[in-house]
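These notes concern the structure reproduced below.
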Amino acid sequence: MVELMEELKKIEEKWNKRWKELSLQKFKGESDKKKFYLLEMFAYPSGDLHMGHLRNYVIGDVLHRFLLMNGYDVLHPVGWDAFGLPAEGAAIKRGISPDKWTYNNIGISSSTLKKMGLLYDWDREVITCREDYYKWTQWIFLKMYENGLVYRKKSYVNWCPSCQTVLANEQVINNKCWRCSSEITKKELEQWYFKITSYAQKLLDGLEDLKDWPENIKTMQKNWIGRSEGLLIDFQVKGTDLKIKVFTTRPDTIYGVTFLAIAPEHDLIKILKFDDDKKEMILKYIEDSIKKSEIERSSTEKEKSGVWSGLYCINPVNGREVKLFICDYVLSGYGTGAVMGVPAHDQRDFEFAQKNGIEIIQVIKPKDYEWDFSKGAYVEDGITLNSEQFSNMESSLMKEKITDFIEEKGYGKRSVTYRLRDWLISRQRYWGAPIPMIHCERCGIVPVPEKDLPVRLPDSSEIDFTPKGKSPLESHKSFMNVKCPICGNDALRDPDTMDTFVDSSWYQLRYADPKNDEKIFEKELVDKFLPVDMYIGGAEHANGHLIYFRFITKVLKDLGYLSFDEPALALFNQGMIMDKNGNVMSKSAGNAVPVGPFVDRYGTDVARGTELFIGPAGKDALWSEDGVIGISRFLERLKNFAFKYNKNIVKDYTPQNDIEKMIFVKLNKTIKQVGDDIRNFSHNTALASMMELLNLLYKEEKNLSFEFLNFIIYKYTQIISPFIPHLAEEIYEGFNEKDSIFLTTWPEYDKNFLMEDNVTIVVQIDGKIRDRLVVQRDTDKEEIFKSVILNETVKKYLKDKEIEKYVYVPNRLINLILKK
RNA sequence: GCGAAAGUGGCGGAAUUGGCAGACGCGCUGGACUUAGGAUCCAGUAGGUAAUCCUGUGGGGGUUCAACUCCCCCCUUUCGCACCA
C-alpha cells in the first residue's frame, strides 16, 4: 500500500502539470458549447483547509470533469472570504498582523488545492480583503446609499461582549454569537443598515422561480422572511390627539380587546405624558426591561410582566376605554411594537390579563361546545359573539367584514408585515471594508466621492487591537481625519467596517470580470456567465449568506447593473463532515483534520475517493480514516487490472458469448448509473457500482479475451475519471492516447444492453419466498406458471392445497395464493 | 410549542419508487501464499436454528397477493424558528 501511495503521488504531479499546460481549468469561450458556471461557496482562510472544506471542493471538481466530458464550457473559479474576526484574534493573541496572517493562510490553503489538481481557474481568484475587491464592496454601499437603501438608525442592537462588536440578526443564534457563542447583550447604538426589508416581498416571490433549490432551504427562507397579512388599527390615547398603531392578524377579535400593550422601546414612550406619581415606576420598568437580556425577556416560561402607564386608549369600533400597558413581551422590532390585548383569544394576552386582573371578554366560541377558560385562551376559529352587528357568524367571515368596516371608517387599513429585519452592517472591527462615509459637523453625514475609493485600511502596525468596545480605527488619527468633500473643512471618517457578509454577497459577480479596475464588472461579461448554474455549499447559510447574496443581486438588477435577479439557478447543500463524536469539524473546535498532510500521506485520488465514498454528498458524515483502506485497496486492484489491458484501443466490440454479454450489460448499466449518480450527487453509489464491476472482472478474467477487456477497461477508465482523475489519466495514457481523458466524450450506454437475457423469477407462495427460477427474459406468464407448479420445492407446498389465484410481475416474481 | 428531515447488521450505508432487505465498503471469522503481515488472493459474515424452517428495516395498528417503501397513532434523533400579535 505504501508503494501505491508513492506511485500515485508521482502520477499526480505529472498530471497536475499536464492539465495546466492543456488549460483544462479555463473557460474556453467556444460558441458551440453550452456554458456552465460552477461555483462552490468560497472559504474563510483560517489555516489549512480541513476535510469539511475539501468535500465541497471535491464534489465540485467531480462535476466539473463530468461536464467537460459532456461537452460543456465550464467557468469554475475560486477565491477567499478573507476579511473577518479571526485575523484580528491572531493579531491580539500572537502579534501577527491580520493581513500577514490572512495571506499566509490563503497561501497554505491554495497550495493544497493546487497540489490536489482541482480544476480551478486561478487567474480569476478573488480575495475580499484586497483593495481591488473591497473598493467595489464600498462602491456597492455608495450606490445603495444613493438609492435610499442604506440608512443610519439609533436603536437597541445585538452586542457581542466578547467580539466587542454589534451583530446582525442572522448572526445571533439562540441569543449567542455565531462566532464565539458568547451571550448577546443589547446596546443602544447608532448604526448603518441595509434596507433588506424593502426587498422582503421580492425575496419571497423569487423563491418560486428557484426550482432547483432544495425545498428545505426555501422553506427556511420563507419562515425567516415571515410574511404575515393583517390590519393596522389606530387606537387613540384618551385625552390626547396621539394615536397608537397596532398590527393584528385577528381583527375578528377586536370586540374582545380589554387592554393595549406597547414595547418598552416604543417611540411614543418619549412623547407620552405620565402622571408624576407613576412616572418613576414606569421609567424604572422600561430601563430594567431594556437591560434584561433577550433570553430573560423572550423566555416563554417567564411570567408576562408589564406596567400600567396610567393612560387609557379608545377602541375605535365600540368606543370602549382600555388601559395602556408597557409590556416587555411586546417586541419593538416587529409590526408596530404595539398590540391590542385580547386575553380571551391570545395565550400571551391571557396570561398577562390573569396576572393583572384584566377583564376577559369572549368574542369567539367553538362551534359545538363551550370553551373552558381554565385551559387558557381560545385561539381557534369559531362563531362570533359579543361583537355588535358582527355577532353570530363564522369568525373567518367576520374577519373579512370587520376589515372592510375598519377601512371604510378610516380606523385602519390592511397591511403586510414581515419578520425579516433590516440588515445591520456596521461592525466595530478593523479587518473589514471601511464604511465609505464622512461625518462633517456642518454638512452632516456625507458619502465619500466615488473617485476617492477605495477608503483604504491603514497598515495594521499602526493599530491598537485591544478591545475597547469601539472600532480600532477610531483611535487612528490619520485614518479618521479627513476633509469634508462638500465644504472642505475638517471632518471624520466613519470608524466602522462592513459586515463580512457584504463582501461575500457579490463575489460570484466579480469572478466574471475579476481584474476590472474601471468598474465593478463589465455588464456584458456578467450577463454572459451568470447566473451561476450550480452553487454548492452548506445548508447552514440558508438564512444568512444565501439571503444576502440574493438580496444584493436583486438590488444591482434594479439599479441597472445586471439583467437577472437571482444569483444561482441551482443549489446543492453538501452535508457537513463531523468528527467521530458527531461534532462539526472546524478549526475553532480543534477537531479539524487538515487536508495538506493527509494528501501528502495518501495522495489526492485516495483523499478524493475517501470523501466521496463516505456517504451521499447531501448528508452529514462522520470522518474516519478507515475509509482510506477500502479506497486504497480498490485503487490498487484497479491499477493492477487496468495496466494489463490498457494497451491499444478496441473501438467497438460485440460480445462473443454469454459471459461477455453479461459483463457487457453490467458495463452499460454501470455507465448509466455513474452518470445518473454524478448528476444526483450520489457519489458513494457510483463508486460502489464501479467496485462491483471490477469485482466481476476479476472473477471472470480468465474467461474473457484480451480485446474484450481492453474495450471494457477503456470505458471503465472514462467513467471513473471524474472520481480519481490522476490514476485514470495514467491508465488512459497506456492506450497510446494523447492529451487528456477529460477531452474525450463521456461514453454512451447501449440501450439494447441494459438488461440481461436471463432473469431470476422469485417464486412465492402466500407471499413467502420458496424458490427461484431462471428463465429467458419476457417468458410468457402461463409458461412460467406451468414450470412453477412442476417445481419440486413448490410441489411440496402445494400438497393437499388448491391454488386460488396467482400474481405475476413480469420478469420479477410470481406469487401463488392458496385457498385457505 | 411550530416547521422540516430522518430512524435499516458490530460500523458507514444500498434497495430500479409497492415486488429477492442488507448492494458496495469497513470490521470480523476461516483458508491460500508467506521468515513475517497493518501486503495480496479466495471463501464466509442480519439474528435464532439440526434445517431448504422461523424472525427481522424505531414501536403499535391498517391497506395489499405482496410494505423499508403507502395510510393512521406513538417514540427517538438532528436541523431551523421560537412571546412574530
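Basis for what follows: all heavy atoms, side chains included, without hydrogens, waters or symmetry-related copies. Below, chain A is the first sequence line, B the second, and so on; all start at residue 1.
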Notebook entry, point to check: What is the base-pairing partner of B:rG3, counting Watson-Crick and G-U wobble geometry with both distances under 3.5 Å?
Noted result: B:rC79

Next item on the list: Look at the side chain of A:Y334 and decide which nucleotide, out of B:rC84, B:rG12, B:rC26, has an atom nearest to it.
Entry: B:rC84

Notebook entry, point to check: Relative to the ring of A:F259, is the ring of A:F352 parallel (under 30°), tilted (30 to 60°) or perpendicular (over 60°)?
Noted result: tilted

Check: Just how far is it from atom CD1 of A:I364 to atom CG of A:D252, taken to the nearest 0.5 Å?
Finding: 4.0 Å

Next item on the list: Nearest-nucleotide wise, let me know which of A:R421 and A:S682 is further upstream toward the 5' end of RNA chain B.
Entry: A:S682

Note to self: Apply the syn/anti split at 90° from 0 to B:rU40 and say which one it is.
What the structure shows: anti

Check: In whole angstroms, how far is the P atom of B:rC2 from the CG atom of A:N223?
Finding: 14 Å

Check: Which part of the nucleic acid does A:K672 contact within heavy-atom distance under 4.0 Å: base, sugar-phosphate only, or nothing?
Finding: nothing

Note to self: Of the options B:rC26, B:rA85, B:rC42, whose atoms approach the side-chain atoms of A:R637 most closely?
What the structure shows: B:rC42

Note to self: Heavy atoms from C-beta onward define the side chain here; which of B:rC26, B:rA82, B:rC24 lies closest to that of A:I629?
What the structure shows: B:rC26

Notebook entry, point to check: Closest to the A:L331 side chain: B:rC20, B:rG13, B:rA85?
Noted result: B:rA85

Notebook entry, point to check: What nucleic acid atoms does A:F352 come within less than 4.0 Å of, heavy atoms only: base, sugar-phosphate, or nothing?
Noted result: nothing

Notebook entry, point to check: Of A:T249 and A:N543, whose closest RNA chain B nucleotide lies nearer the 5' terminus?
Noted result: A:N543

Item checked: Ring-ring centroid check A:F598 A:W623, cutoff 6.0 Å -> yes

Item checked: A:R633, nearest nucleotide to its side chain (from B:rG38, B:rC20, B:rU40) -> B:rU40

Next item on the list: Determine: side-chain N/O of A:R812 to OP1/OP2 of B:rG18, distance under 4.0 Å, yes or no.
Entry: no

Next item on the list: Scan A:R770 against the nucleic acid and name what it touches under 4.0 Å (heavy atoms): base, sugar-phosphate only, or nothing.
Entry: sugar-phosphate

Notebook entry, point to check: How is A:Q764 classified with respect to the nucleic acid when contacts are heavy atoms under 4.0 Å: base, sugar-phosphate, or nothing?
Noted result: base

Margin query: Less than 6.0 angstrom separating the ring centers of A:Y698 and A:F641, yes or no?
Written below: yes

Item checked: Side-chain donor/acceptor of A:R348 to base of B:rA85, under 3.5 Å -> yes

Check: What about A:D626: does its side chain form a donor-acceptor pair under 3.5 Å with the base of B:rC26?
Finding: no

Check: Which of the following nucleotides, B:rG13, B:rG19, B:rA23, is nearest to the side chain of A:L813?
Finding: B:rG19

Checklist line | Selected nucleotide, minimal atom distance to A:Y329 side chain, candidates B:rG27, B:rC83, B:rA66 | finding: B:rC83

Next item on the list: Identify which nucleotide among B:rG25, B:rG80, B:rG19 has an atom closest to any side-chain atom of A:N695, counting heavy atoms from C-beta outward.
Entry: B:rG25

Check: Under 3.5 Å, side chain of A:N668 to main-chain N/O of A:D750, donor-acceptor pair present?
Finding: yes

Notebook entry, point to check: Expressed in whole Å, how much space separates the P atoms belonging to B:rC26 and B:rG38?
Noted result: 16 Å

Notebook entry, point to check: Is the distance from OP1 or OP2 of B:rA14 to the nearest side-chain N or O of A:N684 less than 4.0 Å?
Noted result: yes

Item checked: Mutual orientation of the aromatic rings belonging to A:H545 and A:F549 [parallel < 30°, tilted 30-60°, perpendicular > 60°] -> tilted

Next item on the list: Write down the distance separating the P atoms in B:rU76 and B:rC24, rounded off to the nearest Å.
Entry: 36 Å

